Amino acid sequence: MATVNQLSSKEAIALEDKHGAHNYHPLPVVLSRGEGVYVWDAEGKKYYDFLSAYSAVNQGHCHPRIVNAMTEQAKRLTLTSRAFYNDTLGPYEKYATEYFGFDKLLPMNTGAEAVETAIKIARKWAYEKKGIDENEAQIVVCENNFHGRTTTIISFSNDENARKNFGPYTAGFIKIEYDNLQALEETLKSNKNIAGFLVEPIQGEAGVYTPSDDYMRKAQSLCNEHNVLFIADEIQTGIARTGALLAVCGKCSCEGHCEKQADTYAQPDILILGKALSGGAYPVSAVLANNDIMNVIKPGQHGSTFGGNPVAGAVATEALEVVRDENLAQNARHLGNLFREKMQEFVDSSNIATLVRGRGLLNAVVINDTEDSSTAWDICMALRDNGLLAKPTHGNIIRFAPPLVMTEEELLDCVSIIIKTLKQFEK
Ligand SMILES: *Cc1c(COP(=O)(O)O)cnc(C)c1O
């Protein structure tokens, strides 16, 4: 297929630089087409995508079934607002709630909006069901969390870059160490005003920090014990990325088949989804919970003009069906094990990479250099030149998260590109 884009990469970058706010620092590559695990730049050069738009494109770029569902629905009806009913929202809500094992779904658009929604639901539940005094509810969060960019969410971030000069901050959050059950237990025991515990099953933005195998389950039982809502932010880890439908499955015996055995894993009280819920085709996010929690929200108390629009419903339903039909959780589990095995062999004999970690196809390689050096960035530039796109996360860490539709042959090709590139930086 010929490139239809008239702009050169250089021109496209110059336009963004001049007319766009500088709120990102992109790797200098201008993409104009994508298909499956591949993307092409404005000059037609082909790359493996190893970021997947921060795990939004789990189903691969421009998945034909998802694109078809989107365009067919777009021709029929795009937006009604929730002032009226539409005929795709109900079927989508039925499908998604059965898929994840909850009574109800509240539809939003972006991840941050879904996190905000979960916080509002948890607070309202705390006042109306748990009996906490008005304005006293606290939500426990973890250090080095990433939950989005709104004023409230950055209030409980400890990333100075995300926070500084955006105050005053929203009150009502207690920060504890991640993967520390004792800290959680002490906090829950010593404070009667806790509404919920908001946590990422793996801290993606922080550098793919994978907690102990039993962290999620034990955290859940501590929350149950203290009548505190266990709120899982699976925006990045969910929808097959980590080799199971949800990362709260951890390494339980269901072997990535949790979608068929929803009762066997650590089910959160509130589940937050986004990103791959649409396969990257459209902004779709959602909060799922059972009736005793979700029913605290009454008409007029929360909403969004675009939330639950017909295109979103059609796209998200198809995107979830693709995950199931193409066994993406199983594929992510298999390829992830292979990736870490191959990379571990390299790390063992390398002085540029110190460790590989992750679960399923959400992985990171830690680079042997000081936190403030640009080595990880320089490696990503060299990877780009070698036909593979990845991005550094906090510190000198590179995240490797390709679309889950990759084949074993493609993965092995990518491993050799990554190792070849890292070897150029060997000290
Ligand atoms: C990306 C992300 C968000 C925010 O999603 P947006 O769609 O960018 O608002 C929240 N939580 C986690 C864990 C994420 O990875």
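Numbering of residues begins at 1 and proceeds along the displayed sequence. Each ligand, and each atom within it, is numbered from 1 in the order the structure gives. Bear in mind the structure is a predicted one, so any value in this text is a computation, not a measurement.
Listed by atom number, the atoms of ligand 1 under 4.0 Å from Ala112 heavy atoms are 4 (C), 5 (O), 6 (P), 9 (O). Listed by number with element, the atoms of ligand 1 under 4.0 Å from a non-hydrogen atom of Glu200 are 13 (C).
Residue-environment remark: CD (Glu35) stays at or below the threshold of 12 foreign heavy atoms within 6.0 Å.
Heavy-atom distances between Tyr54 and ligand 1 stay at or above 4.0 Å for every pair. Ligand 1 is approached by Lys275 to a heavy-atom distance shorter than 4.0 Å.
Aromatic ring orientation, Tyr215 versus Phe197: perpendicular (interplanar angle above 60°, classes split at 30° and 60°).
A salt bridge is absent between Arg384 and Asp41: the closest approach of a Lys/Arg side-chain nitrogen to an acidic carboxylate oxygen does not fall below 4.0 angstrom. The pair Lys189-Glu185 counts as a salt bridge, with a side-chain nitrogen and a carboxylate oxygen less than 4.0 angstrom apart.
At least one N or O atom of Asp233, backbone or side chain, sits closer than 3.5 Å to an N or O atom of ligand 1. The distance criterion of under 3.5 Å between nitrogen or oxygen atoms is not met by Ile235 with respect to ligand 1. Note: no N/O pair closer than 3.5 Å links Val115 and ligand 1 by distance alone.
Residues Asn68 and His63 have side chains that never bring a donor and an acceptor to within less than 3.5 angstrom of each other.
Regarding atom 5 (O) of ligand 1, its nearest protein heavy-atom neighbour is Gly111 CA, 3.3 Å.
Checked against a 6.0 Å centroid threshold, the rings of Phe339 and Phe400 count as neighbours.
For atom 7 (O) of ligand 1, the nearest protein heavy atom lies closer than 4.0 Å.
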Tyr47 vs Tyr38, ring pair (Phe, Tyr, Trp, His ring centres under 6.0 Å): CA-CA, chis, key distance, verdict: CA-CA 6 Å; Tyr47 306 86; Tyr38 300 107; over 10 Å; no
